[in-house]
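Quick notes on the structure that follows.
The figures that follow rest on heavy atoms only: side chains count, while hydrogens, waters and symmetry mates do not. Every chain is numbered from 1, with letters handed out A, B, ... down the list of sequences. Just so you know, these numbers come straight off a predicted model, no measurement behind them.
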Number of protein chains: 2
Amino acid sequence: MNTKELSHKQQLILNFIGDFLHRRGYAPAIREIVQGCRLSSTSLVEYHLNILEREGYLRRDVEISRSIRLLGGKRLRHKEMIIVPVVGIISAGTPIPVPSADTWSNVALENLELPQDMVSGKERVYALRVKGDSMVDALIDDGDVVLMQQVSDANNGEMVAIWLKSEREATLKKVYWEQDMVRLQPCNTQMKPIYVHPSNVEIQGKVIGVIRQLS
Amino acid sequence: MNTKELSHKQQLILNFIGDFLHRRGYAPAIREIVQGCRLSSTSLVEYHLNILEREGYLRRDVEISRSIRLLGGKRLRHKEMIIVPVVGIISAGTPIPVPSADTWSNVALENLELPQDMVSGKERVYALRVKGDSMVDALIDDGDVVLMQQVSDANNGEMVAIWLKSEREATLKKVYWEQDMVRLQPCNTQMKPIYVHPSNVEIQGKVIGVIRQLS
DNA sequence: GACTTTATAGAACTTCTGTTCCAGAGCTTA
DNA sequence: TAAGCTCTGGAACAGAAGTTCTATAAAGTC
């Protein structure tokens, strides 16, 4: 982009537009710029707007009122957000209500809005709020939010939400495939690992992130 | 808010406005709504817009073109983001380069863009990337990002970044004010607490959040 | 100084656009 | 059935707003 030096007036106009946009929620009309910047004629504004558009600072549509849009300004860029439903509370031994496609954001206690890069652009992400100290050894505290990705398979050592069919309950454990059994390692030294038959486990998702807010 | 059922037409209009806003960057004129929704008169749109405004779905300013703003609609709201500079790496005993007002985002290794509510709307927030296990007891892992708020004072037990003047070094510790000394409690049981004179400590910021990305 | 570029004024013009008024259709209710 | 509500159509008006034109300064360039 041709970053030619902007004149004082052009800076002024640009600032005014940004301000107006922020305060009112829509772009100013030419005559409002005239007043707001204490200029004297619409053609003067027209003149400078054309320059600003040519230099890539804004965009307008011909003959359409209030069609100014600011470009690239750091102040108003909004990154694409994804909505992550917090579908439940996870504490040792409690079933986790994993959402199915339809009951996705319906069952949510609340929704997080996160920038896409925080979930690395992954699909089928949900979140659980952690209750209790059942995961301290995984450095996850009471009150933290864990980001989960819905998967049905996992590698050794990954922390996953597991549904134990016969027990009809779900927990968060580290999973290790050993011979013909599955070792489920709790994330708390107070608890012993569990060994179950592979046919009894159904993986519901894996932990892909942790968010903690203090103070 | 009076959540009266919206009629089909009103839904249609609302959707069209949202769409238009998204695609063009400014609100549609009444007559553009007429065309876009295949309606037959401006007064019809006027009629429905008034209802939509009364019901709290949007806001407009009188006699100002394209002044429609959508309210609260879950679908297209982009939350305001703030830019948090990751100003350095914190590992036990390493000085932390706390940014001053001018060198704010200049010294940043990278920038995080976070939704405002993740920093509770706080000002002067920066971030540090954690290197090593010096903070495991605070449930902060190697590779985590800690969100810091620049403050110069702290309460007992808060985790803060402290500048030790005479030693000319900074670390992250929990701080306890005891009689005429300050106890700095490391976040790792391997390390012993340090006692220093209040005049020797300068608090640079406190931890307000932790972000971890796995897998 | 002659010439070009940049910046400014003012007014006129045309189109865009919000607003208003009136009439009527369709529906429900007493 | 009359009354009353919601919803629709069409047209006209007035003010808002983008555009254009001409003239004039000021400042830099040759």
Just N and O in the side chain of [X]: are any of them under 4.0 Å from OP1 or OP2 of [N]?
{"X": "B/R66", "N": "C/dT17", "value": "yes"}
{"X": "B/H48", "N": "D/dT6", "value": "no"}
{"X": "A/S41", "N": "C/dT8", "value": "no"}
{"X": "B/K9", "N": "D/dT8", "value": "yes"}

Among C/dG18, C/dA7, D/dG18, the nucleotide that comes nearest once only the side chain of B/A29 is considered: C/dG18
Closest nucleotide among C/dT19, D/dG18, C/dT6 to the A/Y47 side chain: C/dT6
Should [X] and [Y] count as side-chain neighbours, where that means a heavy-atom distance under 4.5 Å?
{"X": "B/L147", "Y": "B/V207", "result": "no"}
{"X": "A/I13", "Y": "A/L39", "result": "yes"}
{"X": "A/I68", "Y": "A/I33", "result": "yes"}

Residue met sooner reading DNA chain D from 5', once B/L44 and B/I64 are mapped to nucleotides: B/L44
Within the structure shown, what part of the strands sits under 4.0 Å from [X] by heavy-atom distance: base, sugar-phosphate, or nothing?
{"X": "B/E46", "answer": "base"}
{"X": "A/T42", "answer": "base"}
{"X": "B/L39", "answer": "nothing"}

Distance-only donor-acceptor test, A/S43 side-chain atoms vs C/dG10 base atoms, 3.5 Å: yes
Heavy-atom donor-acceptor pair, B/R60 side-chain to C/dG18 base, under 3.5 Å: no
Distance in Å, B/I64 CD1 paired with A/R66 CZ, rounded so as to fall on 0.5 Å steps: 5.0 Å
Rounded interatomic separation in angstrom, taking CG from A/D61 and C1' from D/dG18: 12 Å
